[in-house]
Amino acid sequence: VVVAPGSFMTGENLHGEVLALDAYTGDQLWRHMVKPYSGLLGMAAGDAEGTQVRLKEHISPQCVPAHWSAPMIDGNGMVIVGRSD
């Protein structure tokens with residue numbers, strides 16, 4: 001099982017990691033730490049560029065997505081997961 005614990009984009013210097021856990025025992029198999037994310041005012045990539053459009057449409061000026069996408073494992077066993085930057 002691969003997980004990418006994290007929060008929603010609401011602050012600067014969000015720390016993150018991707019973990020692989022044994023599905024039966026819950027034991028950690030491996031862990032990959034990433035450098036903290038520091039977007040403008042804690043925004044995800046693209047949030048600042050879309051602010052005016054969202055304000056014009058009377059919706060939230062900031063998207064505030066999850067810090068990570070859902071991880072997937074390809075046919076070769078490589079873990080692929082997106083991040084807000």
Side-chain heavy atoms under 4.5 angstrom apart, residues restricted to Ile, Leu, Val, Met, Phe, Trp, Tyr: same cluster for [X] and [Y]?
X: Val34; Y: Val3; result: no
X: Leu29; Y: Leu21; result: no
X: Trp68; Y: Ile73; result: yes
X: Val81; Y: Val2; result: yes

**Asked** More than 12 heavy atoms of other residues, nucleotides or ligands under 6.0 Å from CE of Met78: is that the case?
**Response**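 Result for CE/Met78: open.
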**Prompt:** Which heavy atom of Ser69 sits nearest a heavy atom of Gly82, and at what distance?
**Reply:**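 Smallest interatomic distance, heavy atoms only, reads OG-N, 2.7 Å.
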**Item:** Closest heavy-atom pair and its distance - Arg83, Lys35
**Value:**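 Closest pair (atom of Arg83, atom of Lys35, distance): NH2-O, 2.7 Å.
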**Asked** Rounded to the nearest 0.5 Å, what separation is found between the OG1 atom of Thr51 and the NZ atom of Lys56?
**Response**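 Thr51 atom OG1 to Lys56 atom NZ measures 14.5 Å (nearest 0.5 Å).
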**CE-CD1 distance between Met72 and Ile80, expressed to the nearest 0.5 angstrom** =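 If I round to the nearest 0.5 Å, the distance is 4.0 Å.
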**Message:** Closer than 3.5 angstrom, by distance alone: can the side chain of Asp74 be matched with the main-chain N or O of Asn76 as a donor-acceptor pair?
**Reply:**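 Looks like yes, one N/O pair under 3.5 Å.
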